[in-house]
Structures are given as structure tokens and as C-alpha cells.
Amino acid sequence: MTTYDVLIIGSGPGGYIAAVRCGQLGLKTAIIEKYPTLGGTCLNVGCIPSKAVLESTELYQKATHQFAEHGIAADNLRADLPRMMARKDQVVKKVCDGVVFLMKKNKVDVIHGVASFVNATTVQVQPTGEGGGEAQQLTAKNIIIATGSKPSTLPFITLDKERVITSTEALALRELPKHLIIVGGGVIGLELGSVYARLGSKVSVVEYTDAIIPTMDRTLGKELLRSLKKQGLEFYLSHKVTAVERAGDTVTLTAEGGPSAELKLEGDYCLVSVGRRPYTDGLNLAAAGVELDEKGRVKVNDDLQTTASGIWALGDVVRGAMLAHKASDEGVYVAEMIAGKHPEVNYLLIPGVVYTWPEVAGVGYTEEQLKEQGKAYKVGSFPYSASGRALAGADTEGLVKVLTDAQTDEILGVHMIGARIADIIAEAVGIMHFRGAAEDVGLMSHAHPTYAEAFKEACLNAAGIGALNM
Ligand code: FAD
Ligand code: NAD
């Protein structure tokens, strides 16, 4: 039986990044993946394919709606969905092949099959490839559970994966929905709703709470709602879905709430995006003494150790944000813990980004959280409509909001919506990592004209110095 220093179950951004760091640290490592490709949800059916189709449809949207303003005539434009999907598949293949290369480079053994615990140091792997094959047992001093998550549904909704679908099927449709109904106005609903609305589908979003992206700073949801409505998406907030039924090619959603007591929507596809659940099916965790918490996540302490000695867990399968970079940060953390180092993950500074248009991003505390804590804070903001770069680019929707400690001026939260925000948020993370103050950002030179200047202006505003361009 082969014995490893580290055995990793799952090759998503949590598992494969842990494997890379283990390899770099000289640990004898193997990674087990039940699917034929490496990369997990993020690379195969999540972050990467969704951003590929978001990019393609954003270009189409610009060509159809913004080119004229720039003096560019583009007649007879046509979106070719099968070609967009084929390009997306090529991008996915490239990034997944990249993970295979990384495993080789870092001398990590890759084993394809379904892993389940025999005991706290032994894992059985049942091959899943063509013809199956004999199960093998592997032992290790350390085992990392990085098995990720799967889409959740509601008890009364049957996901037939043809008409009543999850993000996985929505990322592989071969025809344009005439009317796409979306249950859940969170990240997946809005990103994939944007994709199809841009291509011409009617898109209706039914959300249980009174806001979209309700866990982010409330200002962002309000601004995004306005922008997406302008793009033609339809919203039913504060609606409780009670049924989703399919008859032939028609899907009917029923919900309670709003002015009329009952809402009925008829469409040809329904995307259910009400969150994701931690995935531990078939792992036989009990045999290893690994416990779950009340939400079905693998229970871990602050060092990502499970209730069984030598077994670690990270990423979507444990508490915290279900984000690829959070999983990867935890992958590095666990690998370094195993190697006896002293790593750190600052959970407050894990940014959240929504890749709609305009883009949305936030890091640190929201204004709602600061109010709840009774913290004395200041707010600074700057609208994109006053940004020279945004005006030149004809992308003036958006704003930057900065929250600071009322006594010390330390930046406590940054929340942004607008063009290129997904990249600008990195500056906010950087300054907050070093516990910088709004005035510090005001002293830093920002190239002109850039969208990033809006962050500096919002900081000057928060520091009470006064924005320079407003
Ligand atoms: P996963 O990526 O889920 O990987 C787990 C792996 O474990 C899978 O490959 C699975 O097959 C394997 N596995 C499970 N059980 C076993 C077993 N018993 N044996 C062997 N292998 C097993 N996050 C972002 O930060 N940015 C984004 O833009 C973004 N976009 C997204 C878009 C969509 C449509 C979706 C669905 C998610 C998106 N996410 C995004 C979230 C991101 O994909 C996840 O947070 C991330 O993939 C979690 O990584 P992980 O390593 O914990 O798990
Ligand atoms: P989510 O948690 O972002 O949104 C789910 C939404 O559904 C919420 O607004 C919630 O109020 C609503 N909802 C819940 N129950 C409902 C009901 N019965 N009726 C109507 N609405 C209901 O979840 P998601 O959009 O499914 O995404 C899952 C995970 O994937 C998220 O945790 C997210 O972090 C990750 N993800 C991230 C990105 C990104 O980083 N850009 C993109 C896609 C997915």
C-alpha cells in the first residue's frame, strides 16, 4: 500500500492549490479526483466558464448598445450561441490542462476515482473511468478534504436538468431561452441572467428577500437593480416560490408575495440558484471520526483541522464564503500548517465580486454590519458620473463607497459598483491588509485618467479632505 505525507480529496481551487504548495514544500503528495478533468467546480462548471460567456455576451451587448454612441456602425450583428459555448469549452480545457501540468511540475500523483474513508489514515479509491477497475487503498499521515459543493434546491422543486436547471446546465445551453425564469437573485442568478438577457432572452428573477445580492452592502444591490432593470431584466422581490412545474417544454413558477397575492410565470427554462450545499456524499466520514456541523459542513477549528487528528478540510465544504480564492487561500494555509509553518488567512479581507455589468465588489465590513456593531464610522463616496475616465469610456453607471473608523480614519469596508471594479477592489484589499487609512489613499498617486481614481476620491471624501473632482 502506498503511503503519502498528504492525500488530498478533490481537485478544485482548494485541493489543487494545496497540492501545489505541498509539492513545493517537499511533501509526498497525491490528489484524488472523481471526474476525468482536474479543477473542480471553479474551472469546469463555475468561475471560468461563467466568466468566458459573460465576456462574450458583454462584447455583444457593447456592440449592440454602445457602439453607436462611440460613432461605430455595426449592422447585422448576430450572436452565435453554439460558437460562444465552443469557445467557453476551449477555455475550460486550457485551464484544466494547466492543472495537470501543475501537478506534474510539483510531483503530485493524480489518481482518478471516488474517495471514501476506510479509517482516519486510509482512503479507498474506486476508479470511475471507462471500465471501472479495482479499488485501491492509500494511506497518509495527513488527509485534506476539499470536496467542494453542489447546487442546492428547494424541497418541492425537481431539477430535471433539461428545463429546470442548475448553473451547470445553464452554462451549456445549445438554444437561447425565450423566457428564462430564475429562482434566487444572488450571484449565479444575476451573472447567468445577464448572459441570457444580453443575448435577447426575456429574464425574470424571483427573489425571496427584498433585495438582490442581499448579503453584500445594501447600496450595491440597489444600484445594480437599477442597472439590470435598464438592461431589461425583470425582478420580483419579496416573493416566496411555492412551486416550479414542468409540462413538456413549458415551466410554470408559482410564488406568493407582491401586489397580487399569487404570481404565476410561464417560461421555457427555470434556473434554480438558491445557494450551494457542502458536498460530502459517499465520503464515509464516520469511519474516520470526522463530524459535520448543523449545516452539513465539515466541522473545523480555526486551523482547518477536523474532529479527527491528521484530517483537514477547506474550501466550500467548510464554513465561510463559497469562493474560489477563499478555497485557494485555505489550501496554502493547510499545506503550510502541515509543513510546520505559521500561515495566516484574514477572512475579513476576502473580497466578493459579481461579474455583471456594471461589476460589483466589496471587502471588509458592510455598512449594515458596522451599524449592528454600534461602531462610529464615516462614509465617503464618489460617483462614476464624475469620473473623466468613465465619461470617456461612456460607462458612467456606478460609485465607490468607503467606510472608515470615525476616530482613526482606518478603512473598514470598501464597496464598489462600476466598470473594472473587479480589478480595482484589489487596491482596497491591499491598503486594508496594511491597515491603511483613507488619508493614505488620498496621498497615493493614481494614474489619470483611470477608473481607480474613483477609489482615491471616495477616500478623500471619507477622510473629510474633500474629493478633488466633485
Ligand atoms: P470544488 O471546486 O467544488 O472542487 C471539489 C472537487 O472535489 C470536485 O472536482 C469534485 O469532483 C471532487 N470530489 C468531491 N467528492 C469527491 C470524492 N469523494 N472523491 C474524489 N473527488 C471528489 N467563485 C469565485 O471566487 N469567483 C467566481 O467568479 C465564481 N464563479 C462561480 C460560478 C458558478 C456558476 C459557480 C457554480 C461557482 C462559482 N464560484 C466562484 C464558486 C467556486 O467555484 C467555488 O467556491 C470553488 O470551486 C470551491 O472550491 P473547492 O476546491 O472548495 O471545491
Ligand atoms: P447566493 O447565496 O449568492 O444567492 C442565492 C439567492 O437565492 C439569495 O439572494 C437568496 O435570498 C435567494 N433565495 C434563497 N431561497 C430562495 C427561495 N426559496 N426563493 C427565492 N429566492 C431564494 O447563491 P448562488 O447564487 O446560488 O451561488 C452559490 C455560491 O456560488 C455563492 O455562495 C457564491 O459565493 C458562489 N458564486 C460566486 C460567484 C462569484 O464570486 N462571482 C459567482 C457564482 C457563484
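When a ligand or atom number is given, it counts from 1 through the structure's own listing order.
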Does any donor atom in the side chain of [X] or [Y] lie under 3.5 Å from an acceptor atom in the other side chain?
{"X": "E58", "Y": "Y60", "value": "no"}
{"X": "S238", "Y": "D210", "value": "no"}
{"X": "R21", "Y": "Q24", "value": "yes"}
{"X": "D329", "Y": "Y347", "value": "no"}
{"X": "K299", "Y": "T307", "value": "no"}
{"X": "K401", "Y": "T219", "value": "yes"}
{"X": "T3", "Y": "T139", "value": "yes"}
{"X": "D395", "Y": "W357", "value": "yes"}
{"X": "T366", "Y": "D217", "value": "no"}
{"X": "E372", "Y": "Y365", "value": "no"}

Heavy atom of the protein closest to [atom] (residue, atom name, distance):
{"atom": "atom 7 (O) of ligand 1", "result": "G10 CA, 3.1 Å"}
{"atom": "atom 53 (O) of ligand 1", "result": "G148 CA, 3.1 Å"}
{"atom": "atom 7 (O) of ligand 2", "result": "G184 CA, 3.3 Å"}
{"atom": "atom 25 (O) of ligand 2", "result": "I188 N, 2.9 Å"}
{"atom": "atom 19 (N) of ligand 1", "result": "A115 N, 2.9 Å"}
{"atom": "atom 11 (O) of ligand 1", "result": "E33 OE2, 2.7 Å"}
{"atom": "atom 18 (N) of ligand 2", "result": "L154 CD1, 3.3 Å"}
{"atom": "atom 20 (C) of ligand 2", "result": "Y208 N, 3.3 Å"}
{"atom": "atom 2 (O) of ligand 2", "result": "G275 CA, 4.2 Å"}
{"atom": "atom 14 (C) of ligand 2", "result": "V274 CB, 3.8 Å"}
{"atom": "atom 37 (C) of ligand 1", "result": "G46 CA, 4.0 Å"}
{"atom": "atom 38 (C) of ligand 1", "result": "C47 N, 3.9 Å"}
{"atom": "atom 1 (P) of ligand 2", "result": "G186 CA, 4.2 Å"}
{"atom": "atom 45 (O) of ligand 1", "result": "D316 OD1, 2.8 Å"}
{"atom": "atom 38 (C) of ligand 2", "result": "V187 CG1, 3.3 Å"}
{"atom": "atom 22 (C) of ligand 1", "result": "K34 CG, 4.0 Å"}

Check each atom of ligand 1 against the heavy atoms of [X] and keep those under 4.0 Å away; list them by number with element.
{"X": "I32", "answer": "20 (C), 21 (N)"}
{"X": "I9", "answer": "17 (C), 19 (N), 20 (C)"}
{"X": "G315", "answer": "52 (O)"}
{"X": "S50", "answer": "32 (C)"}
{"X": "V114", "answer": "18 (N), 19 (N)"}
{"X": "C42", "answer": "2 (O), 43 (O), 47 (O)"}
{"X": "A327", "answer": "49 (O), 52 (O)"}
{"X": "G113", "answer": "19 (N), 20 (C)"}

Using a strict threshold of under 4.0 Å (side-chain N to carboxylate O), is an ion pair present between E175 and R163?
yes
SB check E397 R226 (cutoff 4.0 Å)
no
[X] contact mode with ligand 1 (heavy-atom cut-off under 4.0 Å):
{"X": "I188", "value": "side chain"}
{"X": "K326", "value": "neither"}
{"X": "L283", "value": "side chain"}
{"X": "S167", "value": "side chain"}

Less than 4.5 Å apart, side chain to side chain, heavy atoms only: is that true for Y16 and I8?
no
Would one find an N or O of L314, backbone or side chain, under 3.5 Å from an N or O of ligand 1?
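Looking only at distances, the answer is no, because the N/O contact criterion of under 3.5 Å is not met.
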From the options [options], select the one whose nearest heavy atom is closest to [atom].
{"atom": "atom 2 (O) of ligand 1", "options": "I350, I17, T41", "value": "T41"}
{"atom": "atom 34 (C) of ligand 1", "options": "I31, V45, L38, D281", "value": "V45"}
{"atom": "atom 46 (C) of ligand 1", "options": "P13, G12, S116", "value": "P13"}
{"atom": "atom 33 (C) of ligand 2", "options": "E207, M322, H239", "value": "M322"}

Does at least one non-hydrogen atom of [X] fall below 4.0 angstrom from an atom of ligand 1?
{"X": "Y355", "answer": "yes"}
{"X": "K150", "answer": "no"}
{"X": "S149", "answer": "yes"}

Distance-minimising heavy-atom pair for A308 and A288
CB-O, 3.1 Å
With a distance cut-off below 6.0 Å to the six-membered ring centre and an angular limit of 45° from the axis, does K240 pair with Y208 as a cation-pi contact?
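No cation-pi geometry.
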Between CD1 of I311 and CG of L304, what distance do you get to the nearest 0.5 Å?
14.0 Å
Let me confirm one number: the CD1-NE2 distance from I421 to H415, rounded to the nearest 0.5 Å.
12.5 Å
Is it the side chain (CB and beyond), the backbone, both or neither of E191 that lies under 4.0 Å from ligand 2, heavy atoms counted?
side chain
Region of P214 that comes within reach of ligand 2 [heavy atoms, distance under 4.0 Å]
side chain
Quick one: which ligand 2 atoms are inside 4.0 Å of a heavy atom on [X]?
{"X": "V353", "value": "39 (C), 40 (O), 41 (N)"}
{"X": "Y355", "value": "41 (N)"}
{"X": "R276", "value": "28 (C), 29 (C), 30 (O)"}
{"X": "T209", "value": "11 (O)"}
{"X": "V206", "value": "20 (C), 21 (N)"}

Any N or O of V183 that comes nearer than 3.5 Å to an N or O of ligand 2?
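Between V183 and ligand 2 (N or O atoms, distance only) the closest approach is not under 3.5 Å.
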List the steps, then state whether side-chain hydrogen bond (donor to acceptor under 3.5 Å, both in side chains) holds for N142 with Y4.
CA-CA 8 Å; N142 294 278; Y4 288 95; over 6 Å; no
